[in-house]
There are 2 protein chains.
Amino acid sequence: MSANARETLLAAAARLIAREGARRLTLDAVAAEARLSKGGLLYHFASKDDLIRGLVETLVAQFDAEVETNSVPGTPGAWTRAYLDATVKPPVSRTDTQTTGEASGHGTALTSAGIAAAVANNPSLLEPVREAYRRWQRNLESDGIDPIDATIVRLACDGLWFSDLIGLDPLPEPLNHAVVTRLRATTTGAHVTETVSILPADENLPR
Amino acid sequence: MSANARETLLAAAARLIAREGARRLTLDAVAAEARLSKGGLLYHFASKDDLIRGLVETLVAQFDAEVETNSVPGTPGAWTRAYLDATVKPPVSRTDTQTTGEASGHGTALTSAGIAAAVANNPSLLEPVREAYRRWQRNLESDGIDPIDATIVRLACDGLWFSDLIGLDPLPEPLNHAVVTRLRATTTGAHVTETVSILPADENLPR
DNA sequence: GTTAGTGTACCGTCTGGTTGGTACAGTACC
DNA sequence: GGTACTGTACCAACCAGACGGTACACTAAC
């Protein structure tokens with residue numbers, strides 16, 4: 001377990017935040033969650049800030065990888081579409097181990113854990129996120145489509161992320177699907193005007 | 001000062017978060033910022049959670065009031081447009097007193113202070129926000145325009161809010177203006193296709 | 001026997017909250 | 001109009017627990 005101890009610890013930290021909120025992210029708690037001693041934890045992460053840094057960097061790297069995977073370069077709007085997909089795609093939880101499903105019922109999902117922890121503890125740890133966004137915004141603006149459209153798609157994605165971060169109700173399902181579809185259509189430059197009336201029943205659009 | 005002591009304290013707390021981050025929101029610090037003793041603070045707010053609750057509720061109430069002010073009922077999309085305006089409008093800072101501008105340069109603006117504090121300390125304090133969003137989403141979906149469009153505008157607004165919360169770079173100015181304009185146009189049902197090319201110089205669009 | 005990795009015990013500080021008070025304005029009663 | 005009493009607003013000092021971090025002993029592997 002030594003080689004991936006870091007990952008185990010990061011996953012434990014993320015799980016903890018998702019379950020009990022950022023305030024409960026204490027070294028003791030993380031160590032316990034990862035079934036390790038505090039000493040062991042501090043061997044891998046020199047400080048709490050260091051741990052959160054790891055969380056944030058992992059988050060950014062994962063999202064980057066996800067976008068990279070989804071992106072099929074060549075077509076205009078490909079990167080923007082990949083950004084959308086990476087946001088929407090159900091995040092594959094890294095928590096395969098220890099499935100003690102004692103969900104205490106609040107939103108903060110694993111993906112947002114790093115952000116929450118950084119906001120709670122030390123906003124300057126968000127710097128990697130800020131830097132990533134600079135990069136992402138650059139990519140969006142030079143994606144071969146109208147940068148305004150691309151930016152709106154980005155903002156909507158961020159809105160979905162925000163919603164997840166603070167545990168808002170997800171959009172009701174037919175609407176959610178329609179919104180994502182509409183956003184994706186935006187990235188192709190095709191200005192679809194097919195007004196989907198309130199509560200459309202066509203749930204089975206091609207994925 | 002006794003009557004508005006609560007407001008003074010809330011403003012002090014918000015200022016503190018904006019300036020030094022949510023972690024620094026301690027009872028001592030808030031009291032000092034408001035030039036009051038901790039005992040005095042605890043007279044008005046029974047606990048730290050109570051203080052944060054006040055912060056969150058004020059935030060929701062302010063936003064609600066802002067939307068209400070901006071909304072001109074009757075025309076389709078009016079509410080959605082008001083939501084957009086309330087988000088974009090430069091928040092009139094309530095901090096008229098004590099203008100010690102020692103901004104230490106990170107994002108968390110006054111508007112987001114309550115959210116940040118709640119995320120950091122006790123996510124369950126976000127319940128009023130969740131409830132408000134249920135209400136808002138209902139209003140958006142019955143605003144006389146395509147609910148998909150309305151929802152996308154909402155999500156983009158939330159994206160802007162999120163951006164502010166974690167202190168991302170604001171959008172470069174011509175783009176920002178264009179995005180807001182495009183979003184507003186969406187709320188009128190008018191599907192504008194005037195593709196503003198990369199970096200448009202026409203900054204002086206009619207407000 | 002050296003090194004990577006982990007555990008135990010402990011320390012100092014921070015911080016939320018309590019306690020016991022002060023100052024003072026109002027007011028009811030005689 | 002003086003006295004007893006109440007409620008509001010605030011303060012200084014203190015406390016107990018939590019928490020980040022340190023020190024160091026131990027062990028398994030090579």
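Convention: sequence-line order gives letters A, B, ...; per-chain numbering from 1.
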Quick one: [X] [atom1] to [N] [atom2], roughly how many Å, whole number?
X        : N      : atom1 : atom2 : value
A:Leu42  : C:dA9  : CG    : P     : 17 Å
B:Glu20  : C:dT15 : CD    : P     : 11 Å
A:Asn4   : C:dG5  : CG    : P     : 11 Å
B:Asp50  : C:dG17 : CG    : C1'   : 13 Å
A:Asn122 : D:dG20 : CG    : P     : 13 Å
B:Asp49  : C:dG17 : CG    : P     : 7 Å
A:Asp28  : D:dA18 : CG    : C1'   : 9 Å
A:Arg23  : C:dT15 : CZ    : C1'   : 13 Å

Next on the checklist: For a quick check of understanding: with a heavy-atom distance under 4.0 Å over all strands, which category does A:Leu41 fall into, base, sugar-phosphate or nothing?
Outcome noted: nothing
Next on the checklist: Need one value for A:Leu25: base, sugar-phosphate or nothing, where a base atom within 4.0 Å counts as base even if backbone is also close, heavy atoms only.
Outcome noted: sugar-phosphate
Could you please name the option among [options] that lies closest to any side-chain atom of [X]?
X       : options               : result
B:Tyr43 : C:dG16, C:dT6, D:dC10 : D:dC10
A:Leu36 : D:dT22, D:dT8, C:dG7  : C:dG7
A:Ser37 : D:dT8, C:dG17, C:dG7  : C:dG7

Checklist entry - More 5' along DNA chain D: A:Gly39 or A:Thr26, using each one's nearest nucleotide? => result A:Thr26
Checklist entry - Can you find a donor-acceptor pair, distance only, under 3.5 Å between B:Lys48 side chain and C:dG17 base? => result no
Next on the checklist: Is it the case that C:dG17 (base atoms only) and B:Lys38 (side chain only) share a donor and an acceptor within less than 3.5 Å, ignoring hydrogens and angles?
Outcome noted: yes
Give a yes-or-no answer on whether the side chains of [X] and [Y] include a donor-acceptor pair shorter than 3.5 Å.
X        : Y        : result
A:Glu66  : A:Gln62  : no
B:Thr80  : B:Asp143 : yes
B:Lys48  : B:Asn122 : no
B:Asp158 : B:Tyr83  : yes

Checklist entry - Does a salt bridge link A:Arg154 with A:Asp149, judged by any charged N lying under 4.0 Å from a carboxylate O? => result no
Next on the checklist: So, does A:His44 get its side chain near the phosphate of C:dT6, meaning an N or O under 4.0 Å from OP1 or OP2?
Outcome noted: yes
